[in-house]
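Note that the coordinates shown come from a computational prediction; the quantities given were computed from them, not determined experimentally. Just so we're on the same page: letters track the sequence lines, and every chain starts at 1.
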Number of protein chains: 2
Amino acid sequence: MNAYAYASSDAIACLRQAGIPVTHQRIEIARALFSAPVHLSADQIWAKVLEASPDVSRATVYNTLRLFSEKRMIRELFVDPQRVVYDSTTTPHHHLYNIDTGEVRDISDDELRVIGEPRLPAGLVLDEIDVIVRVRNRAA
Amino acid sequence: MNAYAYASSDAIACLRQAGIPVTHQRIEIARALFSAPVHLSADQIWAKVLEASPDVSRATVYNTLRLFSEKRMIRELFVDPQRVVYDSTTTPHHHLYNIDTGEVRDISDDELRVIGEPRLPAGLVLDEIDVIVRVRNRAA
DNA sequence: TTAAATGCAAAGGTTTTGCAACATC
DNA sequence: GATGTTGCAAAACCTTTGCATTTAA
């Protein structure tokens with residue numbers, strides 16, 4: 001047992017609901033993500049997982065994060081071209097990205113709202129709308 | 001001379017206005033970008049440049065695109081984690097990204113509007129707001 | 001002439017992949 | 001026992017960097 005607020009049993013239920021076969025590694029990755037709202041890179045999540053369970057490989061973390069994204073358990077953020085950030089919150093909201101520090105913060109859906117319906121060309125289906133507010137530290 | 005609608009003299013004027021020293025390579029890269037509105041990756045732009053001028057290196061294209069972005073002559077789009085797309089249009093607008101094909105299209109500013117002012121934490125300055133509408137081909 | 005830009009090739013970092021070993025049901 | 005998952009290491013990918021050479025003003 002470790003100090004996570006999110007228990008293994010919760011993770012197992014979550015995986016089952018998503019239709020993902022349960023494994024020890026997937027449980028630990030889910031716990032690293034869902035114990036609290038996080039915005040982390042794959043390697044940061046790997047580091048967190050290793051603290052609780054040293055026998056999880058980097059490749060498994062990368063592949064599992066992709067799987068979780070496909071199942072809509074988490075959201076991929078492309079804030080920086082060289083590193084994907086995973087967001088453990090999937091309810092609709094937007095993001096504030098600090099270019100100087102790399103920090104990602106959530107913006108609530110009612111603080112910033114997207115108005116209008118994009119005319120989708122025929123044969124296309126909406127997947128999601130990403131709004132990223134990029135900020136810098138004062139004095140660029 | 002080649003078939004570009006955007007002449008070398010236009011490119012030279014554009015570079016001078018941005019405060020960038022004029023070189024043969026930068027002229028060709030500007031012509032590849034500004035002859036028509038484009039959404040292209042660095043390698044795609046390199047390929048276009050090579051058609052007109054075979055003596056431009058890949059590194060110069062990458063470095064020049066970063067320079068142009070810093071000078072706000074073009075805009076960097078992070079639609080996909082493994083490839084930056086450069087947008088030759090800098091007036092405010094949003095983007096439609098086809099996940100299946102990789103295609104990027106512009107959405108006019110009045111078709112989709114962002115309402116609200118994000119509360120910026122003290123010491124932070126707004127850089128820009130990116131709105132990316134992600135779509136798929138029907139039947140995922 | 002002199003500072004700056006370029007080209008080449010190598011390094012850098014993140015992510016994916018192939019295949020044997022393993023765990024789960 | 002059968003199918004799917006994992007681990008390892010290597011490969012793949014895009015992008016940046018160091019340094020000698022060349023170019024532009």
_Separation of dA24(D) P from Arg16(B) CZ (nearest whole Å)_ = 12 Å
*Quick one: Glu76(B) CD to dC14(D) P, roughly how many Å, whole number?*
16 Å
*Please round to the nearest 0.5 Å and tell me the distance separating atom CZ of Arg75(B) and atom CG of Asp87(B).*
6.5 Å
*Distance check: side-chain N/O of Arg58(B) vs OP1/OP2 of dT15(D), anything under 4.0 Å?*
no
_Taking any heavy-atom pair under 4.0 Å as a contact, classify Asn63(A): base, sugar-phosphate, or nothing._
base
*If you measure from CD on Glu76(B) to OH on Tyr86(B), what distance do you get to the nearest 0.5 Å?*
4.5 Å
*State plainly whether the residues Asp43(B) and Arg58(B) are in salt-bridge range, i.e. N to O under 4.0 Å.*
yes
*What are the 5'-most and 3'-most nucleotides of DNA chain C lying under 4.0 Å from any heavy atom of chain A?*
dT14(C) to dC25(C)
*Between Asp80(B) and Arg134(B), is the closest basic N to carboxylate O distance under 4.0 Å?*
no
*Separation between NE2 of His94(A) and CD1 of Ile132(A), rounded to the nearest 0.5 Å*: 11.5 Å
*Please round to 10 degrees the angle between the axis of the first five pairs and the axis of the last five pairs in the helix from dT1(C)-dA25(D) to dC25(C)-dG1(D).*
40°
*Are any of Tyr62(B)'s side-chain N or O atoms less than 4.0 Å away from OP1 or OP2 of dT15(D)?*
yes
*Rounded to the nearest 0.5 Å, what separation is found between the CD1 atom of Ile20(B) and the CE atom of Met73(B)?*
5.0 Å
*Under 4.0 Å between a side-chain N/O of Arg66(B) and OP1 or OP2 of dT16(D), yes or no?*
yes
_What is the separation between atom CZ on Arg26(B) and atom P on dA24(D), rounded to the nearest whole Å?_
11 Å
*State whether a side-chain donor-acceptor pair under 3.5 Å links Ser108(A) with Asp106(A).*
no
*By nearest nucleotide on DNA chain D, pick out whichever of Ile20(A) and Ala59(B) is the more 5' one.*
Ile20(A)
_I need the Arg83(B) CZ to Leu40(B) CG distance, nearest 0.5 Å._
9.5 Å
*Could you tell me the separation between the CH2 atom of Trp46(B) and the P atom of dT16(D), rounded to a whole number of Å?*
15 Å
*Over all atoms of both residues, closest heavy-atom pair of Ala36(B) and Ser88(B)*: O-OG, 3.6 Å
*Please tell me if the side chains of Asp10(A) and Phe34(A) come closer than 4.5 Å, counting only heavy atoms from C-beta onward.*
no
_By nearest heavy atom, map Gln25(B) and Ala42(B) onto DNA chain D; which one lands nearer the 5' end?_
Ala42(B)
*Mind checking Asp43(B) for me? I need base, sugar-phosphate or nothing, with any heavy atom below 4.0 Å counting as a touch.*
nothing
_Does a side-chain N or O of Thr23(A) approach OP1 or OP2 of dT6(D) to a distance below 4.0 Å, or not?_
yes
_Whole-Å distance separating the CG atom of Leu65(B) from the C1' atom of dT15(D)_ = 11 Å
*Over how many whole Å does the gap from Ile27(B) atom CD1 to dA24(D) atom C1' extend?*
11 Å
*Would one find a side-chain N or O of Thr60(A) under 4.0 angstrom from OP1 or OP2 of dG7(D)?*
yes
*asked:* Both Gln82(B) and Thr64(B) contact DNA chain C. Which one's nearest nucleotide lies toward the 5' end?
replied: Thr64(B)
